[in-house]
Amino acid sequence: MDQNRNNPSQNGPNKPGGEGQKPNNRWVALLIAVAIVLAISGIFNAVRSSQYTQTTWSDFRSAMNAGQIVEAELQYDRIIYLTKEEAAKDPAVQKACFTGLPSSYNLMELADELIARGATVDRLIVEDNSTIMMILSYVMMLGVAFLFMNMLTKRMSGDGMMGGFGKSKAKVYMEKSTGVTFRDVAGQDEAKESLQEIIDFLHNPGKYTDIGAKLPKGALLVGSPGTGKTLIAKAVAGEANVPFFSISGSDFVEMFVGMGASRVRDLFQQAAKVAPCIIFIDEIDAVGRSRDSRYGGNSEQEQTLNQLLSEIDGFDSTKGIVCLAATNRPEILDKALLRPGRFDRRIIVDRPNLQGRLDTLKVHTRKIKLAEDVDLRKIAQTTAGAVGADLANLVNEAALRAVRKGRKLVTQEDLLVSFETVIAGTEKKNTVLTDMEKRLVAYHEVGHALVSALMKKSQPVSKITIVPHTTGALGYTMYTPEEEKFLSTNEELLADLCGLLGGRAAEQVVFGVKTTGASNDIQRATALAKNMISLYGMSEELGLMAPAVVSNQYLEGQAHMDCSQETAAKVDAAVQKLLDKCYADSKQLLLDNRSLLDEISEYLLAKETITGEELMAYVNADKQQAEEATEEA
Ligand code: ADP
Ligand code: ZN
């Protein structure tokens with residue numbers, strides 16, 4: 001594998017004793033200044049000598065002896081004189097003569113002789129101080145030229161006005177030591193384990209290079225926002241006790257072309273100076289997806305990405321630079337980034353499971369004074385789906401609430417209430433629903449939950465509530481995905497569809513009305529059905545044909561139709577049919593389980609919020625009853 005081919009910056013950043021950008025500029029400025037001064041003095045000399053007619057010493061002697069000289073200026077090394085012939089001419093075209101003076105000659109005697117022959121001696125410069133003057137003037141000129149050049153190059157390359165191109169404006173931010181260790185990262189054991197090797201390598205690169213092993217230059221931390229990717233990267237730096245450089249991909253995306261690329265260059269240059277170290281690039285998708293983008297202004301991102309790629313290829317990993325990058329959308333990254341030798345390791349930073357959440361809560365409550373009644377396990381159970389950042393925020397909100405209430409300790413209630421604020425959005429106390437509305441919302445939500453619960457392939461429900469929230473939802477049903485899913489089967493998607501339509505189905509079955517509350521459900525169901533038919537090849541009508549294309553998988557992956565009008569019409573018909581079928585299925589399911597629907601809805605109306613377990617208790621009890629009934633019969 002020869003990835004360093006054609007790579008101009010290959011030994012740039014790591015050149016031993018390599019000059020940073022600044023000193024380099026200075027030398028260039030100095031050189032240019034010297035050249036300017038030399039050129040100026042050359043021109044100056046040429047102009048000066050062209051003012052005079054060059055003559056020889058003997059020409060001068062004979063002119064003097066003939067009494068032809070009117071005026072003379074004597075200097076220690078030269079004589080400038082005006083002959084009678086020239087003096088007679090118009091002053092505008094007069095040209096004096098110039099000759100060198102042999103060093104053996106006595107200037108004073110010569111002056112006497114000239115005067116004796118009728119010439120006037122204008123000036124007599126006996127002493128040779130011109131060298132000093134010359135040097136002085138050169139130095140001054142040099143100084144001025146240098147200052148000027150420096151100003152110019154500064155303007156072009158960096159910290160000058162105009163916001164500076166590249167250099168120090170880059171929001172590169174370095175921490176000598178992060179002070180974060182793996183102890184501060186709860187859960188995420190797999191990620192920690194994968195990174196252990198990198199830490200070991202940073203501690204002792206020799207151990208690896210001796211065998212001839214090449215260490216990964218980069219690893220990609222993949223996970224939802226707030227799962228602790230930045231924290232883990234910092235912990236790696238902290239564990240290895242090396243400096244931590246960080247920059248966000250969105251910082252690269254600047255208005256001025258060339259800025260991003262020069263920031264990348266600066267980042268790696270700075271890092272090379274203090275290696276071993278960690279470079280962390282947050283939101284790498286902001287740069288990494290740029291190529292192939294359909295929209296304008298992407299040449300900047302493309303340049304930045306290219307620079308990043310060549311820097312990654314360029315740095316010598318034996319020096320101990322490890323590049324970590326974070327993203328929550330690995331699928332939109334440019335394939336070039338993921339090639340071997342670049343970010344070829346992928347470390348999944350998962351949403352925490354129950355144990356993970358509990359550990360995270362423990363980490364964040366280490367410095368918090370907790371009351372006796374606090375049961376962190378309970379909190380961990382209620383916060384299914386929450387990420388580390390949510391939990392950190394929750395604990396902090398709870399502490400603030402305790403202070404607001406004038407308490408010295410944080411209670412369980414504080415934690416539970418802040419859960420509502422942080423994770424579920426603030427409870428909207430002032431939305432007063434009429435009783436009828438409340439019933440509608442309750443049945444609607446239970447409709448979702450019950451259909452899902454009754455369908456085997458559906459995601460489990462974790463919470464149902466009819467407490468209105470600031471997000472605008474009058475109620476919601478929260479699902480717990482068992483794990484982050486990358487693949488879904490046809491059955492699972494059908495179950496999801498039925499669940500989505502379960503809300504409207506319940507409204508219809510129980511009240512015979514249609515409410516606006518189902519609008520979001522219907523939009524989501526339509527989008528899902530459309531994808532199933534036009535992208536996933538899951539319909540009978542169109543079979544394996546994909547009439548839509550995802551025009552740009554590096555972008556949002558939005559699909560658009562790319563087929564004949566007739567096919568598009570077929571797709572629409574198929575979507576409708578699919579939705580109708582799922583709707584009919586969930587309606588039937590609710591009709592068949594009408595008593596269960598009523599029971600749970602009444603329970604929800606009374607309690608406002610119920611958990612997935614409570615729901616399942618009802619469902620299972622019902623199932624058991626039914627089984628017993630069949631056995632008896
Ligand atoms: P990301 O970079 O994935 O968006 P961050 O690393 O910025 O997430 O996480 C934000 C905050 O959430 C962290 O500073 C930390 O307080 C908390 N946090 C996230 N994950 C964890 C975890 N596994 N253990 C402890 N704290 C966490
Ligand atoms: Zn709904």
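Every number for a ligand or one of its atoms is a count from 1 in the order of the listing. Atoms considered below: every heavy atom in the structure, side chains included; atoms not considered: hydrogens, waters and symmetry mates.
Considering backbone and side-chain N/O atoms, T360 never comes within less than 3.5 Å of an N/O atom of ligand 1. On a distance-only criterion, G228 and ligand 1 share at least one N/O pair closer than 3.5 Å.
Residue contacts with ligand 1: G187 is excluded, as none of its non-hydrogen atoms falls under 4.0 Å. Using a 4.0 angstrom heavy-atom cutoff, H364 counts as in contact with ligand 1. Under a 4.0 angstrom heavy-atom cut-off, A326 registers as lying outside contact with ligand 1.
Close approach to P225 involves these atoms of ligand 1, each under 4.0 Å from a residue heavy atom: 4 (O). Distances below 4.0 Å separate heavy atoms of V185 from the following atoms of ligand 1: 23 (N), 24 (N). The ligand atoms of ligand 1 that sit less than 4.0 angstrom from a heavy atom of D184 are 24 (N), 25 (C). Applying the 4.0 Å criterion to heavy atoms of T227 picks out, from ligand 1, the atoms 3 (O), 8 (O), 19 (C), 20 (N).
Salt bridge status for R439 with E602: present, with a side-chain N to carboxylate O gap under 4.0 Å.
Across every non-hydrogen atom of Q412 and I379, the tightest pair is NE2-CD1, 3.7 Å. Contact between R342 and L337 at its shortest, heavy atoms only, is CB-O, 3.2 Å. Minimum heavy-atom separation, V363 to R183: CG2-O, 4.0 Å.
Closest to atom 22 (C) of ligand 1 among all protein heavy atoms lies A186 N, 3.7 Å. Of all protein heavy atoms, the one lying nearest to atom 18 (N) of ligand 1 is G388 C, 3.7 Å. Closest to atom 6 (O) of ligand 1 among all protein heavy atoms lies L231 N, 2.9 Å. The shortest contact between atom 4 (O) of ligand 1 and any protein heavy atom is with G226 N, 2.8 Å. For atom 12 (O) of ligand 1, the closest heavy atom belonging to the protein is A389 CA, 3.1 Å. Among all non-hydrogen protein atoms, the one lying nearest atom 2 (O) of ligand 1 is T230 OG1, 2.5 Å.
Of the N and O atoms on the side chains of Q307 and T304, not one donor lies less than 3.5 Å from an acceptor on the other residue. There is no side-chain donor-acceptor pair under 3.5 Å between D200 and Q196. Looking only at atom types and distance, the side chain of D598 has no donor-acceptor partner in the side chain of S601 under 3.5 Å away.
In this structure, F280 and F244 have parallel ring planes: the angle between them is below the 30° cut-off, well short of the 60° mark.
A distance of 5.5 Å separates CZ of F245 from CD of Q270, quoted to the nearest 0.5 Å. Interatomic distance, L231 CG to T360 OG1, rounded to the nearest 0.5 Å: 9.5 Å.
For H444 atom NE2 and D521 atom OD2, the angle they make at the Zn ion (ligand 2) is roughly 90°, to 10 degrees.
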